[in-house]
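Heads up: numbering here begins at 1 and tracks the sequence.
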Amino acid sequence: MSTPARTPDVLPRPDFHFPGEVGRTYLDSDPAQFPQPVTAPEGAPNILLILIDDAGFGQFSTFGGAVPSPTMDTLAAEGLRFNRFHTTALCSPTRAALITGRNHHSTSFAGITELATGYDGYTCILPRSCGTIGEVLRQNGYMTAWIGKNHNTPTWETSPAGPFDRWPNGMGFDYFYGFMGGDMNHWNPILYQNRDLVAASTDPDYHLTTDLADKAIDWVRRAKAIAPDRPYFLYVATGATHAPHHTPVDWIEKFKGQFDEGWDAYREKTLARQKTLGVVPADTALTERSKGLPAWDTLNDEQKRLYARMMEVFAAYGAHCDHEMGRVVEACRALPDADNTLIVFIAGDNGSSAEGGLEGSLCENLFFNGFSEKWQDNIKAIDELGGPKHFNHFPSAWAHAMNTPFQWTKQVASHFGGTRNPLIMSWPARIKDKGGLRDAFLHTIDLVPTLYDLCGISAPSMLNGIAQKPIEGASFAHVFDDAGAPGPRKTQYFELGCNRGLYNDGWMASAPSFVPWDPNRQEWDPDKAVWELYNVAEDFSQANDLAAAHPDKLRELQDLWWVEAAKYSVLPLDWRATIRMNAELMGRPSLIGHRRKMTYYPGVTGLPDAASPPMCNKSWTITAQIDVPAENANGMIVTHGGLEGGYGLYLRDGRPTFVYNFLSIDRPTFTAKDPLPAGTTTLTVDFTYDGGGMGKGGTFTLSANGAVVAGGRVERTIPIQFSLGEGLDIGCDVGSPIDFTYTLPFAFTGRVDHVTIELGELAIPPSG
């Protein structure tokens with residue numbers, strides 16, 4: 001069913017040159033000819049690519065889960081379901097593979113951008129030799145847009161200073177609306193339209209998923225109204241269902257009581273539904289609960305009440321997401337050429353996330369700073385879950401249940417719980433086996449060559465003057481018409497954080513390394529790792545370890561893994577975890593560079609964390625020159641971070657106030673006794689760090705015009721990063737609040753002239 005590729009091997013096309021005869025004047029010259037716009041191959045379909053975040057194989061109803069997904073149900077009924085489609089087990093790597101058709105290490109995305117190191121496969125700088133599908137389709141006549149999550153721009157390039165060639169607009173997408181990074185607050189997001197920061201919404205019912213759906217609908221309608229003969233490529237990447245699990249309360253109430261039986265019962269019932277739906281073979285075995293996860297019946301009543309509520313919130317989050325994506329699908333269906341629209345719906349860039357820890361989380365940034373939480377603390381906020389005060393995440397055992405029937409979760413690339421995700425493809429004009437199932441072994445890298453194949457487009461060998469790496473995926477277009485056709489690949493390696501796997505001709509060797517719910521790593525020896533072996537041609541869920549029965553086969557696959565690892569820049573293996581989140585300690589490029597003193601002016605808002613002064617594990621001083629009004633002296637002067645961590649310096653009723661938000665657990669606040677007089681004031685916050693390692697305590701001193709007005713000690717500080725997605729603001733608070741005593745944007749009612757931040761020496765040496 002594929003269309004023969006017939007587009008140029010070298011892009012862009014040569015500049016136009018008038019082909020006729022030119023005389024002295026137009027009267028004795030051949031008639032003028034304009035260069036014609038590039039047109040897509042005849043019959044090339046519109047493409048809507050939807051990618052949901054952190055969703056498991058057994059999460060949505062279309063693949064047997066308990067989260068209703070009527071949008072996916074509809075698409076599956078009119079198209080095809082693929083039940084052996086694989087991702088990389090983590091966000092950025094899957095997304096790099098998805099838009100390039102190359103393995104994630106080949107694209108330099110061994111991990112998320114926030115974990116980049118200076119090895120070829122690990123820099124998170126997308127090589128120009130790995131051109132994106134957006135760029136190739138754009139140069140072949142498509143209109144292109146990227147809506148939602150972008151986790152493929154180096155962190156140090158995400159500020160308004162650019163460079164912008166690795167933002168979506170620079171990667172081949174004419175229009176971008178979304179956020180930069182791994183996750184985003186769904187109530188108070190920081191968003192960009194193309195390169196420009198988007199003003200915060202004033203809608204009291206605002207939710208990010210709805211906003212993304214609105215923007216996708218607006219773009220596709222506008223594009224097709226203006227240029228109805230041009231096909232579009234619309235890539236919609238939701239923030240849902242990644243943490244924070246932020247959900248409208250009316251959606252949460254729909255699921256009240258539905259998960260009281262717990263995660264073990266959920267897994268059993270989900271597998272039964274999967275067998276009934278035919279998305280797993282009838283003889284599929286339910287794998288054992290992954291090592292370290294508790295049985296539901298070992299929990300006390302209060303734990304069960306809390307964890308069931310966390311799952312209700314998560315289910316609502318997913319159902320709401322499916323609903324909003326349904327609006328996008330319906331908008332595309334209402335356009336004149338709807339039948340020639342190929343919809344690709346991928347439910348997850350990896351398996352469901354266990355990063356909420358064994359006891360659940362109110363602040364995911366605690367995990368990335370190396371801290372675990374206790375259910376006894378979290379249950380105090382049970383009625384606020386899903387709302388704007390928390391960055392909440394459910395317990396790891398629920399993530400495991402979302403990945404039924406497989407072992408493990410997100411991060412664990414050795415097993416299908418981390419890598420196998422539902423794929424649905426609908427194309428009314430071409431797919432004849434409506435409601436069909438395809439079981440070919442596929443990988444994310446196979447999608448780009450398949451789309452090229454179906455569109456009649458050649459993958460260029462030269463793109464924008466750069467020789468291109470070969471596409472490492474392979475087209476599976478041939479399975480559309482033939483359910484029994486073999487898949488396009490015999491071998492596929494997997495690696496993420498030293499969790500390793502190798503698929504080869506129906507067999508899978510698997511070597512897990514670290515549990516995904518513990519952010520801290522011990523020393524590790526790859527040669528002592530225990531490998532498992534599965535005949536996945538017969539054992540769909542990896543339930544029966546055959547390592548002892550077939551040691552020769554296992555050795556063959558282990559050796560082949562090292563061959564593939566060397567071929568695709570997987571080496572060197574790196575098992576460091578939270579320490580890699582700290583850009584300063586890793587020596588990543590920085591706009592701060594080696595400067596110790598930075599001055600910022602009003603207008604600096606929404607500056608990303610990676611472009612803001614690194615203030616962890618050192619002493620520092622903030623000096624603000626402000627003009628205090630005679631009346632109503634209120635508002636933010638400078639803040640870094642948001643609800644999940646950071647600091648804020650503001651005036652309330654004229655009184656200087658400094659808040660240090662320790663990862664939402666504690667917000668020590670230092671407030672002056674008396675208000676400031678009207679006029680020019682120099683406000684200073686000095687922090688003297690105790691030293692002696694990471695995350696130690698220190699002393700704050702708040703001064704006005706040289707006189708101490710407040711201060712005190714903290715016994716611990718944030719060791720790795722203030723914030724997941726929020727950085728520096730001057731004169732207001734963009735994003736979420738540093739505390740909940742004021743209303744956003746809390747603009748300063750006086751005038752901020754400038755704010756200077758001076759940094760002391762890092763208390764521990766960079767590790768590179």
Side-chain angles (χ1 to χ4, degrees), residues 361-374 377-378 380-381 389-391 519-520 578-579 581-582 584-585 609 612-624 636-652 655-673 683-704 707-724 726-729 733 736-742 755 757-764:
S361 173
L362 296 184
C363 178
E364 192 192 21
N365 200 23
L366 278 159
F367 177 89
F368 291 113
N369 277 277
F371 297 102
S372 299
E373 298 178 59
K374 297 296 183 184
D377 297 320
N378 294 346
K380 299 172 186 176
K389 289 189 175 182
H390 305 287
F391 222 82
N520 300 299
T578 55
I579 192 68
M581 298 289 289
N582 189 301
E584 188 176 23
L585 293 176
D609 183 79
S612 301
M615 299 170 73
C616 296
N617 309 307
K618 60 173 67 98
S619 299
W620 47 259
T621 300
I622 298 172
T623 304
M636 187 64 68
I637 297 166
V638 56
T639 181
H640 180 170
L643 73 86
E644 72 270 28
Y647 70 82
L649 173 63
Y650 57 80
L651 296 190
R652 178 180 289 111
R655 299 196 305 165
T657 302
F658 182 81
V659 179
Y660 186 81
N661 179 354
F662 182 80
L663 303 172
S664 83
I665 292 178
D666 190 22
R667 292 179 171 89
T669 302
F670 309 98
T671 304
K673 180 180 178 182
L683 272 183
T684 304
V685 181
D686 279 305
F687 176 64
T688 304
Y689 186 58
D690 290 346
M694 298 176 64
K696 304 299 182 180
T699 302
F700 291 103
T701 304
L702 177 58
S703 304
V708 175
V709 295
R713 275 192 57 78
V714 293
E715 299 305 324
R716 56 184 178 177
T717 56
I718 298 171
I720 301 294
Q721 60 179 10
F722 278 175
S723 168
L724 295 175
E726 300 186 47
L728 196 71
D729 303 317
D733 191 355
S736 62
I738 202 72
D739 64 30
F740 296 100
T741 65
Y742 58 84
V755 175
I757 298 175
E758 297 181 71
L759 304 177
E761 293 290 332
L762 188 66
I764 52 178

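Contact record, Ala672 with Ala710: N-CB, 4.0 Å, taken as the closest heavy-atom pair. Between Pro737 and Tyr742, the shortest heavy-atom distance links the atoms CA-OH, 3.4 Å. Of all heavy-atom pairs spanning Asp609 and Phe722, the tightest one is OD1-CB, 4.1 Å. Considering all non-hydrogen atoms of both residues, Pro719 and Cys616 come closest at O-CB, 3.9 Å. Val755 approaches Ala624 most closely through the heavy-atom pair CG2-CB, 4.0 Å. The shortest non-hydrogen separation linking Ile738 to Gly645 is CD1-O, 4.0 Å.
Residues that satisfy the side chain to side chain contact (heavy atoms under 4.5 Å, CB included) test with Thr688, not counting sequence neighbours, are Ser619.
For the residue pair His640 and Asp729, no side-chain donor N or O sits within less than 3.5 Å of a side-chain acceptor on the partner. For Asn369 and Gln721, the side-chain atoms include no donor-acceptor pair closer than 3.5 Å. Between the side chains of Asp666 and Tyr660, no donor-acceptor pair of N or O atoms lies under 3.5 Å.
Atom CD1 of Ile757 and atom OG of Ser612 lie 8.0 Å apart (nearest 0.5 Å). Rounding to the nearest 0.5 angstrom, the gap separating the OG1 atom in Thr717 from the CG atom in Asn617 is 6.0 Å. How far CD of Glu644 is from SG of Cys363: 6.0 Å, rounded to the nearest 0.5 Å. We find the CD1-CD1 distance between Ile720 and Ile718 to be 10.5 Å, quoted to the nearest 0.5 Å. Interatomic distance, Glu726 CD to Leu643 CG, rounded to the nearest 0.5 Å: 6.5 Å. We find the CG-CD1 distance between Leu683 and Ile622 to be 10.5 Å, quoted to the nearest 0.5 Å.
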Quick one, Met615 with Leu759, criterion side-chain contact (heavy atoms from CB on, under 4.5 Å). Give me CA distance, side-chain angles, the key distance, then yes/no.
CA-CA 7 Å; Met615 299 170 73; Leu759 304 177; 3.8 Å; yes

side-chain contact (heavy atoms from CB on, under 4.5 Å), that's the test. Do Val638 and Leu728 meet it? Break it down for me.
CA-CA 7 Å; Val638 56; Leu728 196 71; 3.8 Å; yes

Evaluation steps, side-chain contact (heavy atoms from CB on, under 4.5 Å), between Phe371 and Leu663:
CA-CA 10 Å; Phe371 297 102; Leu663 303 172; 3.7 Å; yes

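Judged by distance alone, the side chain of Glu373 and the main-chain N or O of Leu362 form a donor-acceptor pair under 3.5 Å. A donor-acceptor distance shorter than 3.5 angstrom exists from the side chain of Thr669 to the backbone of Arg667, with no hydrogens or angles considered.
Put simply, the side chain of Thr684 does not reach to within 4.5 Å of the side chain of Leu702, judged on heavy atoms. You'll find the side chain of Thr621 stays beyond 4.5 Å of the side chain of Phe687, heavy atoms only.
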May I have the list of side-chain donor-acceptor pairs in residues 694-701 shorter than 3.5 Å, sequence neighbours left out?
residue : atom : partner : partner atom : Å
Thr699  : OG1  : Arg713  : NH1          : 3.4

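The aromatic ring centroids of Phe367 and Phe391 lie 6.0 Å or more from each other.
Ring-plane geometry between Phe658 and Tyr647 is classed as parallel, the angle between the planes falling under 30 degrees on a 0 to 90 degree scale with a further cut at 60.
For the side chain to side chain donor-acceptor pair (under 3.5 Å) criterion with Tyr650, the lone passing option out of Asp739, Thr639, Thr657, Asp733 is Asp739.
Between Lys618 and Glu584 there is a salt bridge, since a side-chain N of the basic residue sits under 4.0 Å from a carboxylate O of the acidic one.
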